[in-house]
Structure formats: structure tokens, C-alpha cells
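Computed from heavy atoms alone, side chains included, the values below leave out hydrogens, waters and symmetry copies. Residues take their numbers from the sequence shown, with the count starting at 1. All values reported here derive from a predicted model rather than from experimental measurement. As the structure lists them, so they are numbered: ligands from 1, and atoms in each ligand from 1.
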Amino acid sequence: MIGVLVSGTGTNLQALLDAELPVAAVASNRADAAALTRAGDLPHASFELADYPSRADRDAAMAEWLSGHDVELVVLAGYMHLLTAAFLDRFPNSVVNVHPSLLPRFPGAHAVEEQLAAGVSESGATVHLVDEGVDSGPVLAQERIAVLPGDTPESLHERIQAIEHRLLPRVVEELCAR
Ligand code: GRF
């Protein structure tokens, strides 16, 4: 079963749900994440850092809750905190993330703006395995698009997200079949 971690609007969570993948539970670092409302009747919960003595304690609690819902594969769908070993060691080689650039170029939270500022002609989306670094784990799949003259962060991100919504469910489906 799949656990999905979210922090934002959750369009990638929606794509996983629309693809009818076996999502068992949704968790967030923010109680007010709009994405949580997409979970509907699925078990969903927030694990705010402020409620725990440390990030490792929060991550351990979140991992425990996901395991309790039979989660074996974790998908980060716009989850904006780094995960510690307290979480990753519970799901070895089984945490994936989707990122709006052609990694290893432009990791981090401002990838779309940074690609435009750097004047790149090509961008895209990457699905990769998660380690403790910032968007640094092994790449599983990537798809490219051209950056167009006049692109804004919003227009470029919208086209990248259209890729993400196809690429992420495809890779997750493949991982489920392992
Ligand atoms: C996506 O563009 C993803 O690449 C990045 O955060 C964004 C999340 O969007 N990591 P959403 O919350 O799935 O709509």
C-alpha cells in the first residue's frame, strides 16, 4: 500500500488517486495543507514539527502511523520538509519524490524560478528515490519540455506539472508491481 506525504495543494496526490493506485493514507507536516482535503475518506493526519521535541521524533511518529496503515511505499507529492533517517530507515529504497526540474540540476524549493533566472532552454520533471539530501537520490524517471520565450514561473510550472501528473502515477505503478 502507498502512503502519500503532502504540504501544498496536492495536485500530484490527486493524480495518484485518479489513477486508482492503492493509496492507504495521506500525511502532512501542515494541518492546514489544502492537499489533506483531497484525501476524502482515506485516513489522513498532520504531524507538525512544533508538536514534537525534534524532527526525528516527528518523523518516527509519522513513519509509525504510516506503517500502521500497511504502507510500504511512500510518495512525496509536494512534501516540503527533508526527511531524517528516523523516517527513511523504516522504508528502505521505498520513498520517492517528484521534482520540477531535470535533476541533478536545480534541486531545492525554488527550482522553477531558478531555471528561468539561469536562462535554461530545457526543463522537465524528475521522479527520484529519496535520501537525506535535498532532491539528491537516484533518478528513476525524467521527462523534458522546452522553456518558451516569455515563460513565467507560473506558466512553466503549469507545463511541468502536466508532466508530473502523468509521470508520477506511471512510476508509482511500476514500483507497486516490483
Ligand atoms: C510539484 O510541482 C512538485 O514537483 C514539487 O512541489 C509541487 C507540488 O504540487 N515538489 P502539488 O501540491 O502536487 O500540486
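Considering each of Gln14, Gln161, His165, Glu158, the one bringing a non-hydrogen atom nearest atom 7 (C) of ligand 1 is Gln161. When Asn12, Ile160, Thr9 are checked for heavy-atom proximity to atom 13 (O) of ligand 1, Asn12 turns out nearest. For atom 12 (O) of ligand 1, the nearest non-hydrogen atom from the set Gly78, Ser101, Gly10, Gly8 comes from Gly10.
The closest side-chain donor-acceptor pair between Gln142 and Thr126 falls under 3.5 angstrom.
Interface atoms of ligand 1 facing His99, defined by a heavy-atom separation under 4.0 Å, are 4 (O). Ligand-side atoms of ligand 1 in range of Thr11: 11 (P), 12 (O), 13 (O), 14 (O), range being under 4.0 angstrom from any heavy atom. Of all atoms in ligand 1, listed by their number and element, those nearer than 4.0 Å to a heavy atom of Glu164 are 1 (C), 2 (O), 3 (C), 4 (O). Residue Val98 has at least one heavy-atom neighbour below 4.0 Å for each of these atoms of ligand 1: 3 (C), 4 (O), 5 (C), 10 (N).
Looking only at side-chain heavy atoms (C-beta outward), Val74 and Val96 stay at 4.5 Å or farther from each other.
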Donor-acceptor contacts under 3.5 Å from residues 153-160 side chains, at least two apart:
from	atom 1	to	atom 2	distance (Å)
Glu154	OE1	Thr152	OG1	3.4
Ser155	OG	Asp151	OD1	2.6
Ser155	OG	Thr152	N	2.8
Ser155	OG	Thr152	O	3.1
Ser155	OG	Thr152	OG1	3.4
Arg159	NH1	Asp151	OD1	2.9
Arg159	NH1	Asp151	OD2	3.4
Arg159	NH2	Ala146	O	2.9
Arg159	NH2	Asp151	OD2	2.8

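Shown here are the ring-ring contact (aromatic ring centres under 6.0 Å, His included) partners of Phe87, two or more places apart in sequence or in another chain: Phe91.
Between Asn97 and ligand 1, a contact under 3.5 Å exists for no N or O pair.
Atom CG of Asp51 is surrounded by more than 12 heavy atoms from other residues, nucleotides or ligands within 6.0 Å.
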